**Q** 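Please see the structure below; I have some questions.
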Amino acid sequence: ETGVTQTPRHLVMGMTNKKSLKCEQHLGHNAMYWYKQSAKKPLELMFVYNFKEQTENNSVPSRFSPECPNSSHLFLHLHTLQPEDSALYLCASSRELGNSYNEQFFGPGTRLTVL
Amino acid sequence: AQSVAQPEDQVNVAEGNPLTVKCTYSVSGNPYLFWYVQYPNRGLQFLLKYITGDNLVKGSYGFEAEFNKSQTSFHLKKPSALVSDSALYFCAVRPGRGGGATNKLIFGTGTLLAVQP
């Protein structure tokens, strides 16, 4: 295990539902990330938080809303998603930003299916 | 544009044979380079990284990678493949000094390594 957990592991939701993904890291890191992984495509960085502050939003649609209440927890709130949003959503953490050679540690992901 | 290329969607190798998974990059400045592995239904696991210094980097599970600045490559290698090495491998790069250093990791599309017994 990498020290990063994600729940739920699988989620099926309709386009009108509201759901949330949760990520927790037990590594003492201060930076956390959300990625989207779709088949045959590079990982897409969605959001970056450093010491609870959002530092990057990679032009993500507003139907995805992140929340970082503290350095150990990260949420992704989902609302009125589209079928093309079906993917594996990965959370990662690393030591604080500023040292760009720090590797990231990934959770197992949430497999999201939007019907 | 800054990018990472993994030219092979899949690499097949017999157990016990050496393996190579290719990666080339295009970034400005001196890059930081990473390899990650993803097993089925799991997240990405860090294997190794190149920051500076010796061009040959050793990582987890007997893997190593060689940084070649002139060829802008960072190929992943292992002298003797195991069936348990079968997984999806991702190369990633982050621009370092002189390249507008950023914490954004740029990933390749991944290479599926299949090791036959």
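Remember, it's a predicted structure, so these values are computed and weren't measured experimentally. A, B, ... follow the sequence lines: proteins, then strands. Residue 1 opens every chain.
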**Q** Fit a plane to each ring of A:Phe105 and B:Phe46, take the angle between them on a 0 to 90° scale, and name the class: parallel (under 30°), tilted (30 to 60°) or perpendicular (over 60°).
**A**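 It falls in the tilted class, 30° to 60°.
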**Q** Taking the side chain as every heavy atom from C-beta outward, state whether A:Tyr35 and B:Leu44 have any pair of such atoms under 4.5 Å apart.
**A**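 A side-chain contact is absent here, since even the closest heavy-atom pair is not under 4.5 Å.
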**Q** Is A:Val114 linked to A:Met46 within one hydrophobic cluster, defined over Ile, Leu, Val, Met, Phe, Trp and Tyr using a side-chain heavy-atom separation of less than 4.5 Å?
**A**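 Shared cluster, yes.
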**Q** Relative to chain B, which segment of A:Gln37 carries a heavy atom at a distance below 4.5 Å: side chain, backbone, both, or neither?
**A**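 Side chain of A:Gln37 only, per the 4.5 Å heavy-atom cut-off to chain B.
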**Q** Any chance you could measure B:Ile106, atom CD1, to A:Leu43, atom CG, to the nearest 0.5 Å?
**A**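 B:Ile106 atom CD1 to A:Leu43 atom CG measures 12.5 Å (nearest 0.5 Å).
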**Q** Please output the residues of residues 74-90 of chain B in contact with chain A, using a heavy-atom cutoff of under 4.5 Å, in numerical order.
**A**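 So far as heavy atoms go, B:Leu88, B:Phe90 are the residues that approach chain A to under 4.5 Å.
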**Q** Given the rule that I, L, V, M, F, W and Y join up when any side-chain heavy atoms are under 4.5 Å apart, are B:Val4 and B:Leu33 in one cluster?
**A**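 Linked, B:Val4 and B:Leu33 end up in one cluster.
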**Q** State yes or no: do A:Leu74 and A:Val48 share one hydrophobic cluster built from I, L, V, M, F, W and Y residues joined by side-chain heavy-atom distances below 4.5 Å, directly or via other members?
**A**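 Per the 4.5 Å side-chain linkage, A:Leu74 and A:Val48 are not co-clustered.
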**Q** State the CD-OH distance between A:Glu103 and B:Tyr36, to the nearest 0.5 angstrom.
**A**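 Spacing of CD (A:Glu103) from OH (B:Tyr36) equals 6.5 Å.
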**Q** Given that the side chain runs from C-beta out, which part of A:Arg111 has a heavy atom under 4.5 Å from chain B: side chain, backbone, both or neither?
**A**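 Nothing of A:Arg111, per the 4.5 Å heavy-atom cut-off to chain B.
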**Q** How far apart are the closest heavy atoms of B:Arg94 and A:Asn102, and which atoms are they?
**A**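 Shortest heavy-atom contact: NH1-O, 3.3 Å.
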**Q** What do you reckon, is CG of B:Asn17 surrounded by more than 12 foreign heavy atoms closer than 6.0 Å?
**A**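 Atom CG in B:Asn17 is crowded, with more than 12 foreign heavy atoms closer than 6.0 Å.
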**Q** Same hydrophobic cluster for B:Tyr61 and B:Leu56, using side-chain heavy-atom links shorter than 4.5 Å among ILVMFWY?
**A**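 Per the 4.5 Å side-chain linkage, B:Tyr61 and B:Leu56 are not co-clustered.
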**Q** Is B:Tyr39 close to chain A through its backbone or its side chain, or both, or neither, when contacts mean heavy atoms under 4.5 Å?
**A**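 Contact with chain A is absent: no heavy atom of B:Tyr39 under 4.5 Å.
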**Q** What part of B:Gln6 gets closer than 4.5 Å to chain A, counting heavy atoms only: side chain, backbone, both or neither?
**A**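 No part of it gets close to chain A.
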**Q** Counting only non-hydrogen atoms closer than 4.5 Å, can you tell me which residues of residues 84-92 of chain A sit against chain B?
**A**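 Within residues 84-92 of chain A, the residues that come under 4.5 Å of chain B (heavy atoms only) are A:Leu88, A:Leu90.
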**Q** For the NZ atom of A:Lys41 and the OG1 atom of B:Thr109, what is their distance to the nearest 0.5 Å?
**A**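 It is 12.0 Å, given to the nearest 0.5 Å.
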**Q** Under 4.5 Å between side-chain heavy atoms, hopping through other hydrophobics if needed: is there a path connecting A:Val60 to A:Leu11?
**A**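 Linked within one cluster.
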**Q** Measure the CZ-CZ distance between A:Phe106 and B:Arg42 for me, rounded to the nearest 0.5 Å.
**A**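 Answer for the CZ-CZ pair, A:Phe106 versus B:Arg42, is 14.0 Å.
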